[in-house]
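Everything on this sheet refers to the single structure shown next.
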Amino acid sequence: MSFMTRLAAAAILSLSTALPVVAQEGTLNISVGFISSDPVPDPRAGYNGWMSNQTGVTETLMGIDYELNLYPRLAETIEQAAPTTWRITLRDGLAFHDGTPVTAQSVVDAITPISVEDHPGYNARIANLLDLASISTDGDTVVVFETNSPNAAFPWTLSEPGIAILGAASQGFPINGTGPYVFQEAIPDQLYRVAANGDYRLGAPGFEEVRVVGIPDPGASALAFEAGEVDMVINYPETDFARIQETGALGFAAPTARLYFYTVNAASGPMANPLIRRAVSAAIDREGIVQAALSGVGGVPAGTVYPAGMGWAADIDPVYDPALAEDLLAQAGAVKEGGTWMLDGAPLEINIVTYSSRAALPPTAELTQAFLQAIGVTAKISVGEYGASNDAIAAGDADMFLQAWVTTPQGDPGAVLETLLKSTGGSNAGGYNNPDLDQLLADGRTTFDQKARTAIYDQVQQIIAADAAMIPVFHVSQTNVARAGLTGYAVHPTETYWITHETKLTE
């Protein structure tokens, strides 16, 4: 690494006296790219709940397992009493970190502020997911949720990390959770520190303390790991992943539900023709992108919206077939002249936009450009901010928008597709409109039988693939490293779970 990279790492690690010089016994030091700027990050606000959930400070009523299945967490049972009424019975013996019991009323007190605009825990995104008409108690152990309309995704919504069950805050317990670790402090943009909860109901945690250090530069994180200043790195550079394991480090890589995909301009321009959309999709060598842009470890080629073999994924393989792509272009009325595809007398040109805050986006766009040019389709790329890219495709100034979303953040398949592809979806920047898909998405929300819902979302994915309503490229694999001896850890597909009480270091 360069001297400037080493200097940057040293500067980052010296920002707080709370940061370790070397790894300490009984302490797990984790490096991540981002730490909240809030000195007391209310788990309900923004995406603060991700960190408190990842570090075991807070827990939710429901959880998502490593196969994207829903399970009761703080809840003992969940029952649908009526189309819009859900009854949650709490587990026995739950307690907050300050020792006070978790009651139905404390759950109401924790969740209600999410929908109160002048409260620090207000979160419009989560309030929209909950869509609550009311929340009340039935005795000390039962919470009654009334939604504004029937919503089969509601139990899954309760796994959202921002719907953290919190007790009353105090000076000693500013974030008063229920998990295996107790919040200690947050230094804005630098550090999130937690300590063991010795009274945790499932058993003693594996560490006395966990420190999460914010190091935005991946190279600096890698340097800190090799210097022994951190024990674990979340999102370790893919290009160095194989080498670092040769030094004795442990490598953890598994596909997540974060999908890199193209939103297509289905309202105007060449991509408004589904034959051209399908041709573009068939021209993309997804395995080649994974190998070239992600060193073969950072992703899995995607044929559909959800990770293959997990949860809701339909059995749809990615297709790379340049000959098929050219045949589809011919069916769309394009003519190949001198190695270049012409449409309506002009060269067929695809304008691609993306943003740079995720390192794999620009090279993925560049490789897509190369694959299209290999069959005679001109492609141009513009890299800017997310908002500008979104605006460009919404205005018809771009044909494809490469972005990266977690497609099942609460484990349920409907919410993300509704916002991305429903004709009235809030993030349907490409203007895709398919009444059949709209109806299926509506049916998925109001169908409560799990087997029937699975069949509905299989149909949804078949339509998306057949119509190239969006173009999946790959599911990113989170590549994490840790020093030898770390046990009780695995990459979670939603990216929102890290440390459990069973995670520990053994010599």
Side-chain angles (χ1 to χ4, degrees), residues 62 64 67-71 78-88 125-133 145-160 163 257 259 261 263-264 266-267 274 277-278 302-316 405-472 475 493-494:
M62 304 295 288
I64 304 296
E67 299 300 322
L68 288 176
N69 298 311
L70 186 69
Y71 69 92
I78 181 168
E79 172 196 2
Q80 186 183 17
T84 59
T85 304
W86 299 87
R87 293 172 59 87
I88 293 279
R125 173 181 61 86
I126 298 176
N128 182 62
L129 287 172
L130 287 167
D131 190 31
L132 289 178
F145 296 89
E146 187 74 31
T147 60
N148 287 309
S149 58
N151 181 6
F154 184 77
W156 301 81
T157 296
L158 296 179
S159 73
E160 157 64 48
I163 309 176
L259 176 70
F261 67 96
T263 288
V264 298
R277 296 200 296 265
R278 289 172 56 199
T304 190
V305 179
Y306 314 112
M310 290 187 192
W312 303 92
D315 187 14
I316 302 174
W405 286 40
V406 175
T407 55
T408 52
Q410 297 87 35
D412 186 79
V416 167
L417 290 184
E418 287 175 21
T419 191
L420 282 172
L421 292 177
K422 197 172 183 179
S423 58
T424 57
S427 297
N428 185 1
Y432 182 76
N433 189 342
N434 184 323
D436 291 338
L437 187 68
D438 282 358
Q439 186 60 55
L440 283 169
L441 291 172
D443 292 345
R445 179 168 285 273
T446 55
T447 299
F448 294 91
D449 179 78
Q450 179 70 11
K451 188 174 181 179
R453 291 193 84 214
T454 299
I456 287 170
Y457 287 107
D458 276 353
Q459 291 181 64
V460 166
Q461 291 169 81
Q462 294 295 342
I463 288 175
I464 292 171
D467 207 26
M470 59 189 287
I471 300 177
H475 282 102
T494 67

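Numbering of residues begins at 1 and proceeds along the displayed sequence.
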First locate atom [atom1] of [X], then atom [atom2] of [Y], and finally report the distance between them rounded to the nearest 0.5 Å.
X: L129; Y: I163; atom1: CG; atom2: CD1; answer: 7.0 Å
X: I463; Y: L417; atom1: CD1; atom2: CG; answer: 11.0 Å
X: I456; Y: K451; atom1: CD1; atom2: NZ; answer: 13.5 Å
X: I126; Y: T157; atom1: CD1; atom2: OG1; answer: 10.0 Å
X: I464; Y: F261; atom1: CD1; atom2: CZ; answer: 10.5 Å
X: D131; Y: S149; atom1: CG; atom2: OG; answer: 4.5 Å

Backbone of [Y] reached by a side-chain donor or acceptor of [X] within 3.5 Å:
X: D438; Y: S423; answer: yes
X: T407; Y: Y306; answer: no
X: T419; Y: S427; answer: yes
X: H475; Y: P493; answer: no

Partner residues of [X] under the side-chain hydrogen bond (donor to acceptor under 3.5 Å, both in side chains) criterion, sequence neighbours left out:
X: T147; result: none
X: N428; result: none
X: W156; result: none
X: Q461; result: T304

[X] versus [Y], closest heavy-atom pair with distance:
X: A313; Y: P307; answer: CB-O, 3.1 Å
X: T408; Y: A257; answer: OG1-CB, 3.3 Å
X: P409; Y: V416; answer: CD-CG2, 3.8 Å
X: L421; Y: A469; answer: CD2-O, 3.7 Å
X: T446; Y: P150; answer: CG2-O, 4.0 Å

State which residues pass side-chain contact (heavy atoms from CB on, under 4.5 Å) with [X]; sequence neighbours excluded, sorted by chain then number.
X: A465; value: I316
X: E67; value: D65, N69, M310
X: A429; value: N390, I393, A394
X: A81; value: T85, R87

Worksheet entry | salt bridge (charged side-chain N to carboxylate O under 4.0 Å, His left out) pairs, two or more places apart, involving residues 413-437 |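 Output for this query lists E418-R445.
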
Discussion item. Show me the pairs that pass salt bridge (charged side-chain N to carboxylate O under 4.0 Å, His left out) and involve residues 407-416, at least two apart or across chains.
Written reply: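 Output for this query lists D412-R453.
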
Discussion item. Applying salt bridge (Lys or Arg N to Asp or Glu O under 4.0 Å), can you list everything that pairs with R278, at least two apart in sequence or on another chain?
Written reply: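 Expected list: none.
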
Fill in: Test salt bridge (Lys or Arg N to Asp or Glu O under 4.0 Å) applied to D443 - qualifying residues, sequence neighbours left out
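Salt bridge (Lys or Arg N to Asp or Glu O under 4.0 Å) list for D443, sorted by chain: empty.
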
Are any non-hydrogen side-chain atoms of [X] and [Y] less than 4.5 angstrom apart?
X: L158; Y: I88; answer: yes
X: Q462; Y: Y457; answer: no
X: M62; Y: E160; answer: no
X: F448; Y: Q80; answer: yes
X: V264; Y: M470; answer: no
X: L130; Y: F154; answer: yes
X: W86; Y: I78; answer: yes
X: F145; Y: L132; answer: yes

Item to complete: Ignoring hydrogens and angles, state whether a donor on the side chain of E146 or T84 is under 3.5 Å from an acceptor on the partner side chain.
Response: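 Yes.
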
Worksheet item: Are W312 and V305 close enough, and set up right, to give a side chain to side chain contact (heavy atoms under 4.5 Å, CB included), and what steps lead you there?
Response: CA-CA 9 Å; W312 303 92; V305 179; over 6 Å; no

